[in-house]
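For reference, the structure discussed in these notes is given below.
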Amino acid sequence: MPTYRAPRGTRDLLPDERAVFDRLTRLATDLTERYGYRPIETPLFEQTAVFERGIGEVTDVVEKELFRLAPRTDEAESWALRPEPTAGIVRAYVQHGMQTWPQPVKLTTTGPMFRYDRPQAGRYRQFWQFDVEAIGDPGPAIDAEVIELGHRFYAEAGVQGVEVLVNSIGDPVCRPAYIATLTAYYRGHLAELPATEKDRLERNALRLLDSKDPDMAGLNAAAPRITDHLCEACAAHFDSVRAHLTALGVPFRVEPGLVRGLDYYTRTAFEFYVSGREGQQQALGGGGRYDGLVALLGGKPTPGIGFGLGLDRVALVLAEQGHAPAATAAPLAVVVGADPDDTVGRLRVASRLRAERLRVRADLARRKLGRQLEAASKDGAHFAVILGDELADGHVQVRDLQAGSQRLVALADLARELARAETTHRHG
Ligand code: HAM
């Protein structure tokens, strides 16, 4: 056992896996550009109050899972690592006066989040999210556009059979009456409630519906449904979101038990699952509308909607579905030499080729030419550039390791020749 290991609930992404994350991140960038989002980067930590107020104090994310940073003695502020990016992005929207920009302001970010959760497959203490936020449009058309964007991300990433579950969780007009009904329902079953849920009942009954405790499953299935208690405006909004989704051809299912684990949501709520695995598997991603959040964090009332997609879970599902990870690129050429000690010569030639934007490795081990060539083949390199006696009049041997052929090339033509050979190889 090594003395030091990555902290529990975190993991190292080794090159092959990191390459999958790179691919997903590039896809996220490409897709969000197509949909008119602009990138934003907010700090990995914020004042704790941003999360407490934004996400809600009676949520798992804040109550149990927040990574609070130990305060330094002389500072009054307290900070926590971000468990999700929405609260920080909305804080930035307010701080930088983005309500004066053309609305909606469409922002995206991809990066690590932190939750002190109980680690298991697909649930980590440091995980990656691809996030989008569209702030300043009350919907409902944009709700469908955001959901469609998420759905397209999975399709283009190669994840098969992703289904969208949607719900409406009402707004300040209709939710209070629903919560009263729900509280009354749970009070009638007080003896069956686990201790934590009992404790939460009077503070935030909606959270009980979202409980991960298996003892709650039966009670929750029979609980009153928010969709039966929506006010007229919320019901119309929800109808329109569904009509837009249908028109766009996004497959979805209404799931009245879907309430989401964060307090800022109003109206539209959604989650992405691999079809048929909603029960056993955690969501691949989720999001919703948060029409009260900007005001909650000190801005003027402004509606918003967004999602966060868990990239760790996408990578897991891709592997399960047999999606081969992208191979790490092999060098186009390795520069080797007859004189084992002439590392300067090999580096010089490699450096010149790299300046021409070619992928080149220099063999820097002081070993025989035969061993250098063997290593070049093992690397999967297409060519070996061999420095020998011909160097004296400005030439090198170029061996095509795949075809087994070899020819003399002037140093002055080397970069061009290699680049041309690679292009022919790729397209031929
Ligand atoms: P969330 O549902 O808490 O929403 O998280 C979104 C996604 O992040 C989850 O569906 C899951 O894929 C991934 N995720 C969450 N926790 C973990 C974990 N411990 N390990 C691995 N993956 C995890 C939000 O965070 C909202 N900010 C989404 C949003 C954006 N709503 C509006 N805008």
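Worth knowing before you read on, the calculation uses all heavy atoms, side chains too, and leaves out hydrogens, waters and symmetry mates. Start at 1 and go down the list; that is how both ligands and their atoms are numbered.
Atom 7 (C) of ligand 1 has its closest protein heavy atom at Gly308 O, 3.5 Å. Among all protein heavy atoms, the one lying closest to atom 21 (C) of ligand 1 is Gly122 O, 3.3 Å. For atom 32 (C) of ligand 1, the closest non-hydrogen atom on the protein side is Gly306 O, 3.2 Å. Of all protein heavy atoms, the one closest to atom 24 (C) of ligand 1 is Leu262 CD1, 3.6 Å. Protein heavy atom at the shortest distance from atom 13 (C) of ligand 1 is Gly310 CA, 3.7 Å. Scanning the protein for heavy atoms near atom 8 (O) of ligand 1, the closest one is Gln129 NE2, 3.1 Å.
When Phe114, Tyr264, Phe127 are ranked by how near their heavy atoms come to atom 23 (C) of ligand 1, first place goes to Phe127. The residue from Glu65, Glu84, Arg260 that puts a heavy atom closest to atom 1 (P) of ligand 1 is Arg260. The nearest non-hydrogen atom to atom 19 (N) of ligand 1, considering only Trp128, Tyr124, Phe272, Phe270, comes from Tyr124.
Under 3.5 Å, the side chains of Thr86 and Tyr290 contain no donor-acceptor pair of N or O atoms. Remark: the His237 side chain and the Asp143 side chain contain an N/O donor-acceptor pair separated by less than 3.5 Å. Side chain to side chain, Glu197 and Ser211 meet the donor-acceptor criterion of an N or O pair below 3.5 Å.
Below 4.0 Å from some heavy atom of Asp131 lie the following atoms of ligand 1, by number and element: 30 (C). Which parts of ligand 1 touch Gly285 is read off a 4.0 Å heavy-atom cut-off, strictly below it: atoms 10 (O), 12 (O). Shown in contact with Tyr265 at under 4.0 Å from a heavy atom are these atoms of ligand 1, numbered in order with element: 26 (C), 28 (C), 29 (C), 31 (N), 32 (C).
Considering only heavy atoms from C-beta on, His244 stays 4.5 Å or farther from Glu145 through its side chain. In this structure, Leu107 and Met98 have side chains that are in contact, with non-hydrogen atoms separated by less than 4.5 Å.
Within the model, atoms CZ of Arg26 and CG of Leu31 stand 13.5 Å from one another, a figure rounded to the nearest 0.5 Å. Atom CG of residue Leu13 and atom CD of residue Gln126 lie 8.5 Å apart, to the nearest 0.5 angstrom. To the nearest 0.5 Å, atom CZ of residue Arg367 and atom CG of residue Leu373 are 10.0 Å apart.
Under a 4.0 Å heavy-atom criterion, Asp312 is not in contact with ligand 1. Within the structure, the closest approach of Val61 to ligand 1 does not fall below 4.0 Å when heavy atoms are considered.
Taking the charged nitrogens against the carboxylate oxygens, Arg346 and Asp363 have no contact shorter than 4.0 Å, which rules out a salt bridge. Of the charged side-chain nitrogens involved, at least one lies within less than 4.0 Å of a carboxylate oxygen, so that Arg200 and Asp60 count as a salt-bridged pair. Under 4.0 Å is where a charged nitrogen must lie from a carboxylate oxygen, and between Glu156 and Arg34 at least one such pair does. Between Arg416 and Glu356 no salt bridge is recorded (no basic side-chain N to carboxylate O distance below 4.0 Å).
Polar contact with ligand 1: absent for Gly287 (N/O pair, distance under 3.5 Å).
Heavy atoms of Ile305 found under 4.0 angstrom from ligand 1: none, in either backbone or side chain. With a 4.0 Å cut-off on non-hydrogen atoms, Glu133 touches ligand 1 through its side chain and not its backbone. Counting heavy atoms under 4.0 Å from ligand 1, residue Arg313 touches it through the side chain alone. Looking at Glu271 against ligand 1, nothing comes within 4.0 Å, counting heavy atoms.
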